[in-house]
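Below is one structure, written out as structure tokens, with a few remarks after it.
Here is how names work: the chains are called A, B, and so on, in the same order as the sequence lines, proteins then strands, and each is numbered from 1.
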There are 2 protein chains.
Amino acid sequence: MQDRGSKVCGMAQPVDQRLPLHARALDDLARRIRSSEWPYDQPLPAEAELARQYDVSLGTIRRVLADLAGSGLIERRQGRGTFVRRPSFERSLVRFFRAGDVVPESRILERAEVTADPEIEAVLGTSDAVQLLRLRLTAGEPLMLEHIHVPLPAFRAVLETPLEQFGDLLYPTYEQLTGHVVATASEELTVIRPDASHAALLGCADDEPLARIVRVARDITGRPLEHRVSFGIGSRFHYRMEIS
Amino acid sequence: MQDRGSKVCGMAQPVDQRLPLHARALDDLARRIRSSEWPYDQPLPAEAELARQYDVSLGTIRRVLADLAGSGLIERRQGRGTFVRRPSFERSLVRFFRAGDVVPESRILERAEVTADPEIEAVLGTSDAVQLLRLRLTAGEPLMLEHIHVPLPAFRAVLETPLEQFGDLLYPTYEQLTGHVVATASEELTVIRPDASHAALLGCADDEPLARIVRVARDITGRPLEHRVSFGIGSRFHYRMEIS
DNA sequence: TAGTGGTCTAGACCACAAA
DNA sequence: TTGTGGTCTAGACCACTAC
């Protein structure tokens, strides 16, 4: 019987010794991943090395890695290694506006340094922000209107870079300009009546219902990177899910 | 080396022999579960017995069972056994109407034997159906209006049983009256303008947007049990999800 | 007490990818 | 060729549940 209780084995935080080995290793590995110990393009240590670090067998560390892969935190590729996973926005609510499986065109209508509303300040942790007003279109037709706030000073490049250098997708643009990578997001959908200004910009009828989606995007450490409110034309929204 | 290729080992269907053992066992076990081989209240064979049936080691069959538990098809309880899992409707879209964490009251306004629309007939596999018109309320206030169709003759009891015996939840009622158990469902949400009749029954303004949710519920074999269209008051709908 | 699933180990061999 | 993850096995011991 090995004595793990009194042994230094790589854990940076005290853990409940009553927990199974795999649970302790899982908690610690997840913490290390979330503390950005490994960049997205560098592999984690190999199974054998991790087994040594946590003083467990290969089978146990393999279970831990399988669990982390199942929860979406890492990706494993045979022959190459284990990598921290970038998020996929396939299930994002905004993907359910009928856009014919293409990335909608993106047009930034306004950009300014602003003092953010208290609600947005509470999320971003600062009232100093860049505001973007952005219209998304498919085949030249307006689909969605977005009010976006990103925090300063971290995102100063978003304020100062010429808009021509922005792509149709903002998150790769953020990464390129600021180095910050969106890892998670939460989204909330509500259904609202349109107001006149939205209807005008979206070019839709005054009584066309809108889907309002509030998204908060964060990096892997949980730090907020973006507050976004999207107003989409209701009749083009079509959300589908399975229950089981 | 054992010779599995020429051995009868419980597989009822031919499987690709190039697949790993765990994949073949998983496919076959999932098929057996979906063919209702085990009732919800009876355990599957123990790990050791399944390992014998599929001629694999305990470790391999444990991996298969862990995968099936992860995908939600089975539940494992230490000391008791492995059971086919009933579905949870926690993530259902209709749960996202503000109802204060209680089951909304249910009022069946109409019940009749009908010839279903072609669209509903295509789903249910028959045009002979029972139609229910059902209002759901919280604190006496209308929340949602539902057009429900269930197939005949399987659901004749739903047509003939006194409505007083119906509970606020339909699926347990179906199970009690007909023995059919809902195992999966698909849901689709769209945003629509209200029409006068909906607004009247829901007691809301004429320009209040509605969330329209179409649900098809099926048993574990995939047989359709119910077609349901729910119209909910848009301003009370609030859907939240996480992306990672 | 018997039987279930849960934890953990040690080790063999295979498939894939990069240098 | 080397190192990675993927598959599979055999077996020990523990924890929980029912009888």
Side-chain angles (χ1 to χ4, degrees), chain A residues 1-5 7 9 11 15-29 33 38 40-70 72-85, chain B residues 1-5 7 9 11 15-29 33 38 40-70 72-85:
Chain A
M1 184 70 168
Q2 299 172 60
D3 175 13
R4 289 193 180 81
K7 189 171 180 179
C9 56
M11 299 283 187
V15 290
D16 191 335
Q17 299 296 326
R18 296 167 301 182
L19 254 38
L21 294 180
H22 66 84
R24 291 183 244 168
L26 182 126
D27 290 349
D28 191 69
L29 249 186
I33 291 168
W38 299 282
Y40 288 99
D41 51 1
Q42 290 290 325
L44 270 64
E47 294 177 342
E49 165 61 16
L50 286 173
R52 198 192 57 72
Q53 286 182 17
Y54 289 103
D55 192 20
V56 297
S57 73
L58 260 183
T60 298
I61 205 67
R62 275 188 59 75
R63 169 173 176 175
V64 170
L65 292 168
D67 286 350
L68 287 170
L73 212 54
I74 59 173
E75 262 177 341
R76 315 202 69 195
R77 294 176 227 160
Q78 189 171 10
R80 299 201 47 200
T82 301
F83 298 81
V84 180
R85 184 176 155 272
Chain B
M1 186 69 171
Q2 300 172 59
D3 175 13
R4 289 195 180 83
K7 189 170 178 183
C9 57
M11 298 281 186
V15 289
D16 191 335
Q17 299 296 325
R18 296 168 302 181
L19 255 39
L21 295 180
H22 65 85
R24 290 183 243 168
L26 182 124
D27 289 349
D28 191 69
L29 247 187
I33 291 167
W38 299 282
Y40 289 99
D41 52 1
Q42 290 288 324
L44 270 63
E47 294 178 343
E49 166 62 15
L50 287 173
R52 198 192 57 73
Q53 286 182 18
Y54 289 102
D55 192 20
V56 297
S57 73
L58 259 183
T60 299
I61 205 66
R62 275 188 59 75
R63 169 173 175 174
V64 169
L65 292 168
D67 286 350
L68 287 170
L73 212 54
I74 60 173
E75 263 176 341
R76 314 202 69 194
R77 293 176 228 160
Q78 190 172 10
R80 297 200 49 200
T82 301
F83 297 82
V84 180
R85 184 177 155 271

TODO: Select one nucleotide: of D:dC8, C:dG6, D:dG5, the one nearest the side-chain heavy atoms of B:P20.
DONE: D:dC8
Open item on the list: For a quick test of reading the model: is some side-chain N or O of B:T60 closer than 4.0 Å to OP1 or OP2 of D:dT9?
Closed with: yes
Task: Side-chain touch A:Y54/A:L29, heavy atoms, less than 4.5 angstrom - done: yes
Open item on the list: Are the side chains of B:L50 and B:T82 in contact, using a 4.5 Å heavy-atom criterion?
Closed with: no
Task: Minimum side-chain heavy-atom gap A:T60-A:R63 below 4.5 Å - done: no
Task: Identified side chain to side chain contact (heavy atoms under 4.5 Å, CB included) counterpart of A:L26 within the set A:L73, A:L21, A:I61, A:L68 - done: A:L68
Open item on the list: Do A:R76 and A:R62 have side chains that approach each other closer than 4.5 Å (heavy atoms only, starting at C-beta)?
Closed with: yes
- [ ] Tell me which nucleotide among D:dC8, C:dT7, C:dG6 gets nearest to the side chain of B:L21.
- [x] D:dC8
- [ ] Rounded to the nearest angstrom, tell me the gap between atom CG in B:L58 and atom P in D:dA12.
- [x] 12 Å
TODO: Measure the distance from NE2 on B:H22 to C1' on D:dG6 and round it to the nearest whole Å.
DONE: 7 Å
- [ ] Side chain of B:S57 only, please: which of D:dA10, D:dG6, C:dT7 is the nearest?
- [x] D:dA10
Task: Closest heavy-atom pair and its distance - A:L58, A:E47 - done: CD2-CB, 3.6 Å
Task: B:I61 CD1 to D:dA10 P, straight-line distance once rounded to whole Å - done: 14 Å
Open item on the list: Could you tell me how far apart A:E49 (CD) and D:dT4 (P) are, to the nearest whole angstrom?
Closed with: 9 Å
Task: Presence of B:R76 side-chain N/O under 4.0 Å of C:dG6 phosphate oxygens OP1/OP2 - done: yes
Open item on the list: Please give me every residue in residues 77-85 of chain A whose heavy atoms get under 4.0 Å of an atom in DNA chain D, ordered by residue number.
Closed with: A:R77, A:Q78, A:G79, A:G81, A:T82
- [ ] Look at A:R63 and C:dT7 and indicate whether a side-chain polar atom (N or O) is within less than 4.0 Å of OP1 or OP2.
- [x] yes
TODO: Using atom OH of B:Y54 as one end and atom P of D:dT7 as the other, report the distance to the nearest whole Å.
DONE: 18 Å
Open item on the list: I need the CG-C1' distance between B:L19 and D:dC8, as an integer number of Å.
Closed with: 15 Å
- [ ] Calculate the interatomic distance between B:E47 atom CD and C:dT7 atom C1'; express it in whole Å.
- [x] 11 Å
Task: Minimum heavy-atom distance B:W38-B:P43, with the two atoms named - done: CD1-O, 4.1 Å
Open item on the list: As a test of reading the structure: which of D:dT7, C:dT7, C:dT4 is closest to the side chain of B:R62, going by heavy atoms?
Closed with: C:dT7
Open item on the list: In this structure, how many angstroms lie between the P atom of C:dT7 and the CG atom of B:L65, rounded?
Closed with: 14 Å
